[in-house]
Amino acid sequence: MSSQVFIEVDLDEEALARIPLSREVQDDFRSRMERVEAVAIATAPVDTGEYQRSIHLVDEPDPDGTWHVDADAPHSYYVEHGTRQVDRNGHAIHRPHYTMSHALDAAGGDH
């Protein structure tokens, strides 16, 4: 014999929206992004060093609590994603490095 149980749950949407902005959650997010920054700097390709020096944790989170690690050298996009340039044999000249993506994976922790 089986029975059915119905449970009605009223969510406090305002309280849920405040969770990402709580001090504990923000401290955790920031510490995770500090690890991302450290891994990105340690694994960044270095030619002139400009790209590596440009990697940094943004000082403040977005209004929704999101933290960012940026690389703002003028050529950061091309270091990260590569270019379509090839040599005369058709081999890629500037291959992608995916430094930020790999750093995010490597520093991910227990999520």
message: Please say yes or no: joined through hydrophobic side-chain contacts below 4.5 Å, possibly via intermediate residues, are L16 and V25 part of one cluster?
response: yes
- prompt: Is the backbone N or O of M100 less than 3.5 Å from a side-chain atom of E80, with the two atoms forming a donor-acceptor pair by type?
  reply: yes
- request: Under the side chain to side chain contact (heavy atoms under 4.5 Å, CB included) rule, collect the residues that match up with A103, sequence neighbours excluded.
  value: V36, V39, A40
query: Can you tell me how far the CG atom of L104 sits from the CD atom of E37, to the nearest 0.5 Å?
result: 13.0 Å
message: Please enumerate all residues that pass side chain to side chain contact (heavy atoms under 4.5 Å, CB included) together with E60, with sequence neighbours excluded.
response: none
field: salt bridge (Lys or Arg N to Asp or Glu O under 4.0 Å) against R95, all qualifying residues, sequence neighbours excluded
entry: none
query: For D47, does the CG atom sit with more than 12 other heavy atoms under 6.0 Å from it, leaving out its own atoms?
result: no
- prompt: Are the side chain of D64 and the backbone of T66 linked by a donor-acceptor contact shorter than 3.5 Å?
  reply: yes
message: Could you check whether any side-chain heavy atom of T43 comes within less than 4.5 Å of a side-chain heavy atom of H97, counting everything from C-beta outward?
response: no
Backbone N/O of P20 and side chain of Q26: donor-acceptor pair under 3.5 Å: yes
message: Quick check for you: to the nearest 0.5 Å, what is the distance between D28 atom CG and W67 atom CH2?
response: 12.0 Å
task: Spell out, yes or no, whether Y98 and M33 are grouped together once hydrophobic residues are joined by side-chain heavy atoms under 4.5 Å, including indirect joins.
output: no
statement: CD (E24) and CD1 (I19) are apart, to the nearest 0.5 Å, by 11.0 Å
- request: Using salt bridge (Lys or Arg N to Asp or Glu O under 4.0 Å) as the criterion, list what pairs up with E50, not counting sequence neighbours.
  value: none
task: Taking salt bridge (Lys or Arg N to Asp or Glu O under 4.0 Å) as the test, write out the residues that go with D27, two or more places apart.
output: R23
statement: Closest heavy-atom pair, A71 versus S76, reported as atoms and distance to 0.1 Å, is O-OG, 3.1 Å
- prompt: Is there a donor-acceptor pair under 3.5 Å between the side chain of T99 and the backbone N or O of A44?
  reply: no
message: For Y51 and H75, take the angle between the two ring planes, folded into 0 to 90°, and tell me which bin it lands in: parallel under 30, tilted 30 to 60, perpendicular over 60.
response: tilted
statement: With sequence neighbours left out, the residues meeting side-chain hydrogen bond (donor to acceptor under 3.5 Å, both in side chains) with H68 are D62
